[in-house]
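All remarks here apply to the structure that follows.
What you are looking at is a predicted structure, and each value in this text was computed from that prediction instead of being measured.
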Amino acid sequence: MIHLVYERKAREIIMNGDINRDGNIISIIGDLSDFHKLLSDIHVAIEKAEYKDLRLDFSNCTLAFPNSILALCAQVLRYRESGIDFTLIPPEYKRLGNLFQNANWNHLLDPHQFDPSTFKGHTSIPATQYKTPEDQHTAVNKIVNVILGAIPEMHRSDFAAFEWAINELTDNVLMHSQSAIGGLVQVSTFQRGTKKVQFVVADAGIGIPTSLKEGHSHISTDTEALEHAIKEGVTRDRTVGQGNGLFGSYQICSKSKGYFSVDSGHARLEYTTNKDFSVRNQNIPYSGALITATIGFSEPGLLREALRFHDRKYTPVDFVETEYEKNQDGNLHFKLLDQSSTFGSRVAGKPVRIKLRNLFRMHDGEKIYINLDGIPIISSSFADEAFGKLFVEVGPVQFMQKFEFINVMETVQHLIDKAIAQRMSTGL
């Protein structure tokens, strides 16, 4: 499982973070909480010491956050484009080592040694590189589809706000960054005590200050540029965009009591529920843009008013409409074969149930058709988790009125009927 963060209490002792460079070997020891020193050492090794190959030694690293590693991955990809080679020594601490592999960090940092991640969890998306609008569209659709099955009881306006934010911020990379490596995006959810989704978007382009100064000559410092970047309607070029991506995303995060930060150039902008809002100078610059956004979904409908431009509420077209309601009959079509790679476990059934429950809440049409075409068998545990529990959650009357199974093989139908019958007698 890809964890959003590693709690310090997970280990009895966590060493203070330290980064050392010995020639072309850069060692990360303990807690990697600030990526700026690491990127500075890489810069010195390449630009001043003129090394053409570097070794990143994470063997003694015990804690790392997605924003720090994605910032590193973006810069490594940029240097690799110019002919610099990198070798990774992954963390020996098993939990962190698994994260490096599952989150696709191993592959991005050292593709010669590590294959792409095959992680197929139901609450997280490994770090994904995108270079074209088609890549970005595919990545965003994959992300929102996973979130639809990860956060229970999600309000449709909240889901649409999340989709809008991640679509805008990833698209900004292609429109404004001039990043040769495109962008990176990673998403994690955590529900222990609260419903939140965090996503990180990173590139290695010209950076927000440089981009904004092209169209706003009065901006003189990087901190001033980031302050302007989250204002409504501020953009490098209005023929390219409306300048609402960062503004709207900041509004969504702040209204949901989440978190929002931007690192670019010599500046860092940050919003937290504890520290409120700050913009400060960074001695060590970040070449590109790194955005970390956490959105809370604990209060249904809270984000309904977040997307307001020119004091008018904006309602974006969402994934539910384009993916499930694209037919003309007013019904929603849910093809199960497209929703899961396996139908043999309770773990696989849970996101299917959450997704169907969310679609039930979001969909105003007549019916939701669950299409089981191409599925010859499912396990009893999958049938119970996905459909038996759903039957109890929405109630017999609503289930019979709103859901209909189509293209079901007789054996599969028997397993679903049995799961529902057992849940009728035992409940949840």
Side-chain angles (χ1 to χ4, degrees), residues 15 17-94 96-119 126-131 135 173 177-186 200 202-207 263-265 282-290:
M15 296 177 288
D18 193 15
I19 298 171
N20 300 313
R21 184 174 74 85
D22 182 7
N24 69 334
I25 301 174
I26 300 176
S27 302
I28 299 89
I29 302 169
D31 178 350
L32 176 61
S33 58
D34 184 6
F35 56 86
H36 291 88
K37 172 65 165 57
L38 174 57
L39 295 183
S40 176
D41 282 357
I42 292 174
H43 173 81
V44 170
I46 294 173
E47 303 297 340
K48 295 185 178 180
E50 298 184 347
Y51 287 106
K52 297 299 182 183
D53 62 308
L54 271 71
R55 176 172 293 186
L56 300 175
D57 185 357
F58 277 86
S59 60
N60 291 313
C61 183
T62 54
L63 180 69
F65 297 89
N67 62 332
S68 294
I69 302 299
L70 250 65
L72 171 64
C73 288
Q75 300 307 315
V76 167
L77 288 169
R78 177 174 67 89
Y79 280 121
R80 189 177 293 124
E81 289 276 323
S82 62
I84 306 299
D85 193 30
F86 287 83
T87 302
L88 171 69
I89 302 175
E92 293 181 356
Y93 175 33
K94 184 176 181 181
L96 186 59
N98 289 340
L99 176 62
F100 265 64
Q101 177 58 39
N102 291 339
N104 205 37
W105 299 342
N106 280 351
H107 176 70
L108 291 171
L109 294 172
D110 188 350
H112 301 297
Q113 184 181 181
F114 299 98
D115 293 329
S117 171
T118 57
F119 178 79
T128 303
Q129 184 179 11
Y130 61 96
K131 288 186 174 183
D135 292 342
V173 171
S177 74
Q178 301 177 37
S179 174
I181 61 103
L184 297 171
V185 59
Q186 180 177 336
V200 181
D203 68 67
I206 61 175
D263 288 274
S264 192
Q282 295 284 94
N283 291 328
I284 301 174
Y286 179 74
S287 300
L290 174 71

Quiz prompt | Taking every non-hydrogen atom, the tightest pair across Ala71 and Leu290 | solution = CB-CD2, 3.8 Å

Exercise. Could you tell me whether the side chain of Val76 reaches within less than 4.5 Å of the side chain of Leu56, counting heavy atoms only?
Key: yes

Quiz item: Is the closest side-chain heavy-atom distance between Pro66 and Trp105 below 4.5 Å?
Solution: yes

Quiz prompt | Minimum-distance pair of heavy atoms, taken over all atoms of Gln101 and Asp115 | solution = NE2-O, 3.8 Å

Exercise. Could you note down all residue pairs passing ring-ring contact (aromatic ring centres under 6.0 Å, His included) where residues 22-48 supplies at least one of them, sequence neighbours left out?
Key: Phe35-Tyr286

Quiz item: Would you say the side chain of Phe119 lies within less than 4.5 Å of the side chain of Asn104, judging by non-hydrogen atoms?
Solution: no

Exercise. Apply side chain to side chain contact (heavy atoms under 4.5 Å, CB included) to Asn20 and Ile29, showing your working.
Key: CA-CA 8 Å; Asn20 300 313; Ile29 302 169; 3.5 Å; yes

Quiz prompt | Under the side chain to side chain donor-acceptor pair (under 3.5 Å) test, residues paired with Asp85 that sit two or more places apart | solution = none

Exercise. Would you mind reporting whether Leu63 and Leu96 have side-chain heavy atoms less than 4.5 Å apart?
Key: no

Self-check item: Pairing residues for Ser179 by the side chain to side chain contact (heavy atoms under 4.5 Å, CB included) criterion, not counting sequence neighbours
Solution: Ser177, Ile181, Asp203, Ala204

Quiz item: Are the side chains of Ile69 and Leu99 in touch, meaning some heavy atoms are under 4.5 Å apart?
Solution: no

Practice problem: Indicate the atoms forming the closest heavy-atom contact of Leu88 with Asn106, along with that distance. | Solution: CD2-OD1, 3.2 Å

Self-check item: pair Asp22-Ser27: side-chain heavy atoms closer than 4.5 Å
Solution: no

Self-check item: Approximate separation, where rounding is to 0.5 Å, of Ser68 OG and Leu38 CG
Solution: 8.5 Å

Quiz item: Is the side chain of Gln75 donor-acceptor paired with the backbone N or O of Ser287 at a distance under 3.5 Å, no angle test?
Solution: yes

Quiz item: What closest approach, in Å, do Ile19 and Lys37 show between heavy atoms, and which atom pair accounts for it?
Solution: O-NZ, 3.4 Å

Quiz prompt | Backbone of Pro91 reached by a side-chain donor or acceptor of Ser59 within 3.5 Å | solution = no

Practice problem: Report the distance from atom CD1 of Ile42 to atom CD1 of Ile26, rounding to the nearest 0.5 Å. | Solution: 4.5 Å

Quiz item: Of the non-hydrogen atoms in Pro126 and Gln186, which two are nearest, and what is the gap between them?
Solution: C-CG, 4.3 Å

Exercise. Quick one: pull up CD1 in Ile25 and CG in Asp41 and give me the separation to the nearest 0.5 Å.
Key: 13.0 Å

Practice problem: Report the C-alpha separation of Phe58 and Leu32 in whole Å, then their side-chain angles, then the decisive distance to 0.1 Å, and conclude whether the side chain to side chain contact (heavy atoms under 4.5 Å, CB included) test is met. | Solution: CA-CA 10 Å; Phe58 277 86; Leu32 176 61; 3.9 Å; yes

Self-check item: Residue list, side chain to side chain contact (heavy atoms under 4.5 Å, CB included) with Ala49, at least two apart or on another chain
Solution: Arg21, Tyr51

Quiz prompt | Phe86 and Tyr79 aromatic ring geometry - parallel, tilted or perpendicular at 30°/60° bounds | solution = tilted

Quiz item: Between Asp31 and Phe65, is any pair of side-chain heavy atoms under 4.5 Å apart?
Solution: yes

Quiz prompt | Check: Leu109 main-chain N/O paired with Arg80 side-chain donor or acceptor under 3.5 Å | solution = yes

Self-check item: Residue pairs passing the salt bridge (charged side-chain N to carboxylate O under 4.0 Å, His left out) test where at least one lies in residues 50-76, sequence neighbours excluded
Solution: none

Self-check item: Interatomic distance, Leu70 atom CG to Leu184 atom CG [nearest 0.5 angstrom]
Solution: 5.0 Å

Quiz item: Where do Gly182 and Val173 come nearest, in terms of heavy atoms and distance?
Solution: O-CG1, 3.6 Å

Exercise. Please name all residues satisfying side chain to side chain donor-acceptor pair (under 3.5 Å) with Asn67, sequence neighbours left out, ordered by chain then number.
Key: none

Quiz item: Glu81: what forms a salt bridge (charged side-chain N to carboxylate O under 4.0 Å, His left out) with it, not counting sequence neighbours?
Solution: Lys131

